[in-house]
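Working notes, beginning with the structure itself.
Worth knowing before you read on, the calculation uses all heavy atoms, side chains too, and leaves out hydrogens, waters and symmetry mates. Chain A is the first sequence line, chain B the second, and so forth, proteins listed ahead of strands; every chain is numbered from 1. Predicted, not measured: the structure shown is a model, and the values here were computed from it.
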Amino acid sequence: MNEKILMNLRIIDPSQKMDEIGNIVIDKNGKIKSIGKKTDSSKTAEKIDLKGLIAIPGLVDMKAFVGEPGFEYKENFRTLSQAALAGGVTSIVTMPNTKPIIDNVSMVDFIIRRGRDKAKVNLFPCASITRQKEGNQMTEFGLLKARGIIGFSDVNKTIQNTELMSRIMNYASDIDVLIMQHAEDYELARNSCINQSEVATRLGLQGVSDIAEKIIIERDLSLLSEYPCRYHINQISSKNSLDVIKKNKSNGIKFSTGVSINNLSLNQNDIGEFRTFLKLSPPLRSEEDRLSLIEGIKNDLIDVIVSDHIPEDEESKRLPFAQAATGSIGIETLLSLSLELYHNESLPLDKIIKCLTINPAKILKINKGTLKEGSDADICIFDLEKPWVVKAEELKSKSKNTAIENRKLQGKVKMTFLNGDLAYSN
Amino acid sequence: MATAKKVSAIKNTPKHLLGIQNLSVLEAKEILTEAKSFIKLNRGSSKKLDILRGKTQINLFFEPSTRTQSSFDLAGKRLGADVMTMNMSNSALKKGETLIDTAMTLNAMHPDIIVIRHQDSGAPNLLSQKVNCTVINAGDGRREHPTQALLDALTIINRKDNIEGLKIAICGDILHSRVARSNIYLMNMLGAEVNVIAPKTLMPTGIDNLGVKSFTDMKKGLDGCDIVMMLRLQNERMQGSFLPSKREYYEFFGLTPEKLKFAKKDALLMHPGPMNRGVEIDTKLADDINVSLVKEQVELGVAVRMACLKLYCK
């Protein structure tokens, strides 16, 4: 590979507090050689003029579902990486709710090998916290970590048993593994498919109150003060949860929090008359909740924005709302939809990018999400102003269940570099 | 050779009756006026018309029902339609067929109307997107039961001439009740004042925003009411404990002659049926012909459904 110089870009890299016009030099090994105003390159370097565009570190998406193994008809490694790269995402934390579930060492070997062969992005697989995600018996944290598991999550399930949760945290604290909790109390959430609200009353659907989320967060943070481990709340959805997080952070409890771009950009009214593509977990809540989540990002109470990419085939969505599958795709639109929050003046640009790059990388303890000299040249280059309309058919995921069909967005990925190679351009 | 196009050959996009929420005041009044004209017919000796002759009506009932199903059945037949009733609670759905598949299958048989009852809210909406005939909602989950509200309105009009200005109380299991929701929309639309009365665990979130006043005390809620609508305690929809016991429920929320006195002197009692006697209503009161409109509701139900079938099946 030749040396490359990406020239005349606006470079935004929150990991080094950089926002300046400059060049990025990628060396022969696909690493960042120099960045910013100074340009340290050889004479033979290939020059690419990208004036007017913005370069940021390749995005790190902390929550996405690959269909492999077991659900290849929804998504596979190839289609997921195509969608990711088109969205500027170069590192993906994959969820273990495959079939079979990733809860043992042999599955990890399979997924890493398969991912290496088929995927063109950096994959960081999660294993489940408990065997079969059943919430009874913890998985082999130590062995799984040694084989390359980045963190542990029961995905859409919550550890309900308080004793078990305390032991998980206690055990995890000793071997430095990341526990990612989906916060929802089962009893309170039983049969629910939407936020408990006037909308639920009108649609005649079983709602779930945000207390179901808050109560688990409160419980876990209480446990965490006894058993300090690396603890991450996958996605929060409400103002109430945020209040708990604020209180605990100011008490010095250390943990991290994520939010789905859906909960930042949509609210329960968008469900309209039973739009099943907007059936999500945690559910879309009120406009007040949405605005408070944006405040949460502003105040550093929320660290990460995720796509919560859940591909579902049409058949599992073409059902009455209560029966329909939960989740929407979103990895390809993650950046563009996040940029909407910049264009509508909800959030500053560097804050958005921070939540999509260095923050998740730090939580995961991986050397990604940065353009510092010497790091892998995973770079997302986008046009901040370019308007476009989301069309499900044009998205690269195998499943087309986007929650934002026909949404007019501003800002689109132009190129994605992975280890210095141009992996996507349009 | 050019032939003149007949206007009648142009197929109108089918119109559906999915809920009172989608209805305008004019449409609701039109249905009620039309229904009035059928009351007399139904009481006469010759009840058959040929308004829907040649039309096919399919009653698709995914949930067990006696009165609604037989009412739609009879309504269609009296208008001259070919009526087929399919009881789906033990049918293809159990073999894994989805609602959409069932709908497509039936659609291929060219029905003119599908009347659907389904345990899931929104099922008729989904169906209406997939078939090219008229869809009438005969009750979906806890969302809407439009023809029940319309027949309730007709029953009230029949007795009180007008709904505007009346005060109507809806009492009981509001949370699980599609009848309550449809009635709240319709009675509001027709100019009544609506109170809902329920224990807090059976009161849905944000109900006040639907244009009602909510009460947990029968005495306060019934005060000054012209109509008292009792709802059935829907045990089959209840998961977990909502109430301490039926006995306690009856004590505080069951309608007894004593509690009825909180309402106006000439207040009338309604119930969509089937009744849990001794749970939400005193058994003698339920049968008291001076107060109870229950039988009239069933009777006028046929007239309302005839009107809906006639107006929606064009």
Check whether B/Gln21 gets within reach of chain A through its side chain, its backbone, both or neither, counting any heavy atom under 4.5 Å.
side chain
Which pair of heavy atoms, one from A/Thr201 and one from B/Ile207, lies closest together, and at what distance?
CG2-CD1, 4.4 Å
Minimum heavy-atom separation for B/Ser121 to A/Leu203, with atom names?
CB-O, 3.1 Å
dist A/Arg202:CZ -> B/Glu144:CD (nearest 0.5 Å) comes out at 9.5 Å
Residues, nucleotides or ligands: over 12 heavy atoms within 6.0 Å of B/Lys130 NZ
yes
NZ/A/Lys239: more than 12 non-hydrogen atoms of other groups inside 6.0 Å
no
side-chain contact (heavy atoms from CB on, under 4.5 Å) between A/Glu273 and B/Asn22: does it pass, once the steps are laid out?
CA-CA 11 Å; A/Glu273 283 227 329; B/Asn22 319 83; 3.6 Å; yes
Neighbour count >12 (heavy atoms, 6.0 Å) for atom CD1, A/Ile211:
no
If you count heavy atoms of other groups shown closer than 6.0 angstrom to CD of A/Glu288, is the number above 12?
no
Determine the sole option in B/Asp120, B/Ile100, B/Thr98 for which the side chain to side chain contact (heavy atoms under 4.5 Å, CB included) test with A/Pro320 is passed.
B/Asp120
Take A/Glu198 and B/Asp208 through the test side-chain contact (heavy atoms from CB on, under 4.5 Å) and record every step on the way to the result.
CA-CA 9 Å; A/Glu198 185 197 332; B/Asp208 293 348; over 6 Å; no
Counting only heavy atoms closer than 4.5 Å, note whether A/Gln206 contacts chain B via side chain, backbone, both or neither.
both
So what's closer than 4.5 Å to chain A heavy atoms on B/Leu210: side chain, backbone, both or neither?
both
Contact origin within B/Asn209 toward chain A - heavy atom pairs under 4.5 Å:
both
Residues at least two apart in sequence or cross-chain that pass side-chain hydrogen bond (donor to acceptor under 3.5 Å, both in side chains) with B/Asp140, listed by chain then number, are B/Asn137, B/Arg143
